[in-house]
Amino acid sequence: MADDALVVFTPSGRRGRFPLGTDLLAAARSLGVDLDSVCGGRAICGRCRVRIGEGAFAKHGIASAADHVDAEGEAEARCRVRRGIDPPFRLGCQAALRGDVVADVPPEAQVHRQVVRKRPDEREIAVDPVVRLHYVEVEEPDIATPSGDLERLIEALATQWKLGELTALEADSALLPTLQTTLRAGDWKVTAAVREGRRIVALWPGLRERALGAAVDIGSTTVAAHLTDLATGEVVAAAGAMNPQIRFGEDLMSRVSYSMMNPGGAAEMTAAVRACLADLLAEVAAEAGADASDILEVAIVGNPVMHHLFLGIDPVELGGAPFALALADAFEAPARSLDLALAPGAMLYALPCIAGHVGADAAAVALAEGPHLGDEMTLIVDVGTNAEILLGNRGRLLACSSPTGPAFEGAQISAGQRAAPGAIERVRIDRETLEARYRVVGVEAWSDDAGFAEATRRTGITGICGSGIIEAIAEMFLAGILGADGVIDGAMAARSERIEADGRTFSYRLADGPPEIRVTQNDIRAIQLAKGALYAGARLLMDRMAVETVDRVVLAGAFGSHIDPLHAMVLGMIPDCAPDKVTAAGNAAGTGARIALVNRALRREVEELARGIEKVETAVAADFQAHFVAAMAFPHGTAPYPNLARAVRLPEAKASATGDRPRRRRRGGRT
């Protein structure tokens with residue numbers, strides 16, 4: 001009997017041989033198959049479902065699914081019941097190979113279907129790039145006065161551009177193999193890219209007028225690259241991709257755990273994200289009519305785990321107190337040392353991290369939004385699986401992270417999914433009839449508009465994404481379907497057939513299907529836990545700042561940009577604030593990376609800014625728990641919301657219904 005088995009994944013067609021006993025999730029990771037996993041292979045999330053092929057497989061005569069993989073165990077059986085997974089689907093993390101197999105990855109389990117929404121926003125940026133182009137005419141070699149081609153190039157730059165007066169000019173060693181060819185191809189007329197006035201990093205024959213750099217935001221979910229003209233600050237091309245590390249675990253702590261439990265796991269994740277970025281940079285360069293080898297500089301941001309993994313640092317120390325960073329200050333390295341094939345001497349600049357769970361992305365947000373430049377007490381919330389929160393003004397700036405978990409992005413939600421075509425993203429519920437109408441990603445029409453059915457025929461109604469579940473629960477509360485404690489009022493079933501018994505609790509049927517999209521009591525509880533952690537982090541900073549209110553709230557990040565500010569306040573995700581003072585900043589981290597890319601003076605500013613931000617650690621703060629419990633109510637158990645009350649009619653308080661007792665969320669989004 002063979003010691004290994006052939007696995008073929010469809011629809012990708014990727015295949016490989018693996019030792020018997022290898023689970024299909026591990027095989028998918030090895031082959032680069034986009035098989036989703038939220039829990040990191042613990043049979044909890046149910047995302048890594050696959051359909052095992054029936055019938056004969058090639059010449060081996062395997063006749064039934066039972067012959068392909070191990071039988072279902074207790075953990076998988078529990079997950080199947082809890083997640084409503086019907087046969088013939090199996091969990092890839094539990095289905096271990098017994099023989100050759102074809103495994104079909106259904107659309108809902110494919111990471112690459114998800115829509116990436118990170119785009120650069122418009123902002124005026126003073127341009128003072130670290131790399132500049134210099135066209136020179138180099139003296140040809142003369143047998144009577146022998147000297148090297150490099151020395152004559154440096155002399156031309158010094159003479160014609162006054163470079164090297166303060167610091168001696170030098171050339172990156174990667175230029176040397178092609179130096180003579182380039183000089184002769186240009187008939188001794190070349191354009192040199194010089195970094196910080198002292199290092200030649202690229203050379204082209206003839207006149208070169210466009211210098212390109214890339215600003216990159218490596219998020220735990222998506223990677224976004226903005227190709228920028230270094231001379232003008234203009235974004236000439238942009239692209240995004242799902243972070244392939246999702247295969248190893250969706251939240252940050254799942255990836256840290258993967259590194260802990262799998263020898264070489266950190267290196268795997270490093271290689272995956274570097275390859276992803278290399279592909280993205282090639283894509284944006286091609287879109288701009290250039291080549292990746294034309295990119296001279298990269299500025300990069302990310303949360304501490306993403307930052308460390310990209311730089312090749314095992315993030316294991318970030319998995320527990322004191323959450324020690326290996327590197328906090330800004331960091332520069334040759335792009336080629338990070339597996340990026342760009343211009344010969346291209347450099348990568350990583351913005352500084354603030355603390356163990358407040359990363360370079362938060363520093364970039366601070367640079368982009370500038371709370372330290374004004375007098376307004378500004379709260380900035382970068383909403384994600386591990387929310388990063390800033391509070392302050394020119395006098396003082398505080399920061400913390402809060403473990404909200406992946407519920408805001410559709411995970412832990414019964415019909416949850418990411419923002420892909422067909423996902424419900426906007427919801428309104430009539431206060432009288434309790435009927436719902438909704439919009440889905442990719443379609444402008446609402447569900448009660450003529451033409452909606454035709455517009456959604458191709459995508460269908462597939463689930464509900466983060467912004468949709470936030471609006472659905474907020475609307476349920478405003479309509480009186482939910483009490484302030486977050487419990488669905490079963491008595492409301494007399495008013496609407498959409499409110500139905502669901503075991504010992506009730507659910508609200510949002511869409512009739514197929515498939516039916518429901519908001520369950522467990523869904524509401526998951527959002528309560530996430531929003532409670534988010535609010536508690538903000539309130540903790542307000543306590544340290546000794547303020548009861550804030551003047552301005554900024555929702556940052558790709559997801560934050562799609563949250564309706566009023567619904568966010570109805571849920572109590574953020575403290576009370578005048579609605580017109582709650583704004584979305586778009587991908588502020590990406591904007592901060594662009595600023596650092598094209599303005600070298602502001603690199604020094606963000607480095608000084610990061611060093612001066614005071615970090616508050618929620619994991620050990622004694623009052624975090626009290627704030628968290630109070631924040632479970634809608635919009636809050638005790639805090640007043642006068643601005644919200646003026647903007648929307650809040651329901652009258654109902655008697656508290658019985659519900660499960662809230663527990664504090666642990667780091668990494670688990671309860």
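Quantities reported herein were computed from a predicted structural model and do not represent experimental measurements. All heavy atoms count here, side chains included; hydrogens, waters and symmetry mates do not.
- In this structure, the side chains of Leu342 and Val298 come closer than 4.5 Å at one or more pairs of heavy atoms.
- In summary, the side chains of Glu605 and His372 do present a donor paired with an acceptor at a separation below 3.5 Å, with no hydrogens or angles considered.
- With Arg336 contributing its side chain and Pro344 its backbone, the two residues share a donor-acceptor pair below 3.5 Å.
- Asp128 places none of its side-chain heavy atoms less than 4.5 Å from the side chain of Leu602.
- Side-chain atoms of Thr191 come within 3.5 Å of backbone N or O of Gly206 as a donor-acceptor pair.
- Annotation for Val365 and Ala589: closest pair CG2-N, 3.6 Å, computed over non-hydrogen atoms.
- At least one side-chain heavy atom of Leu169 sits under 4.5 Å from a side-chain heavy atom of Val194.
- Every residue was checked against the side chain to side chain donor-acceptor pair (under 3.5 Å) condition with Arg611, not counting sequence neighbours, and none meets it.
- The closest donor-acceptor contact from the side chain of Glu617 to the backbone of Cys400 lies at 3.5 Å or more, if one exists at all.
- For residues 260-286, the side chain to side chain donor-acceptor pair (under 3.5 Å) pairs, not counting sequence neighbours, are Tyr258-Glu268, Arg274-Asp339.
- With contacts defined as side-chain heavy-atom distances shorter than 4.5 Å, the pair Leu183/Val190 qualifies.
- Applying the side chain to side chain donor-acceptor pair (under 3.5 Å) definition to pairs two or more places apart or across chains, those involving residues 302-314 are Ser259-Asp314.
- In the displayed structure, Glu332 atom CD is contacted under 6.0 Å by more than 12 heavy atoms of other residues, nucleotides or ligands.
- Residues Glu170 and Arg199 are paired through a salt bridge, judged by an N-O separation under 4.0 Å between the basic side chain and the carboxylate.
- Two residues are said to be in side-chain contact when any heavy atoms from C-beta on lie closer than 4.5 Å; Phe248 and Arg29 meet this criterion.
- A cation-pi arrangement is present between Arg603 and Tyr349 under the rule of less than 6.0 angstrom and at most 45 degrees off the ring axis.
- Within the structure, the side chain to side chain donor-acceptor pair (under 3.5 Å) test picks out the following pairs touching residues 203-216 (sequence neighbours left out): Arg208-Asp294.
- Not a single donor-acceptor pair under 3.5 Å links the side chain of Thr228 to the backbone N or O of Leu230.
- Judged by distance alone, the side chain of Ser337 and the main-chain N or O of Ala333 form no donor-acceptor pair under 3.5 Å.
- A donor-acceptor pair under 3.5 Å links the side-chain atoms of Arg14 to the main chain of Gly32, judged by distance alone.
- Listed by first and then second residue, the side chain to side chain donor-acceptor pair (under 3.5 Å) pairs that reach into residues 177-186 are Asp149-Gln180, Asp149-Arg184, sequence neighbours excluded.
- Listed by first and then second residue, the ring-ring contact (aromatic ring centres under 6.0 Å, His included) pairs involving residues 131-150 are His134-Trp161 (not counting sequence neighbours).
- A donor-acceptor pair is defined here as one N or O able to donate and one able to accept, closer than 3.5 Å; no such pair exists between the side chain of Thr145 and the backbone of Ile143.
- For the pair Pro371 and Ala366, the tightest heavy-atom approach, listed with the atom from each and the gap, is CD-O, 3.4 Å.
- Put simply, the side chain of Thr22 gets close to the backbone of Pro19: a donor and an acceptor are under 3.5 Å apart.
- For the pair Val223 and Asp217, the minimum side-chain heavy-atom distance is 4.5 Å or more.
- Between Glu614 and Arg396 a salt bridge is recorded (basic side-chain N to carboxylate O distance below 4.0 Å).
- In terms of modelled atom types and a separation under 3.5 Å, the side chain of Glu287 and the main chain of Ala237 share no donor-acceptor contact.
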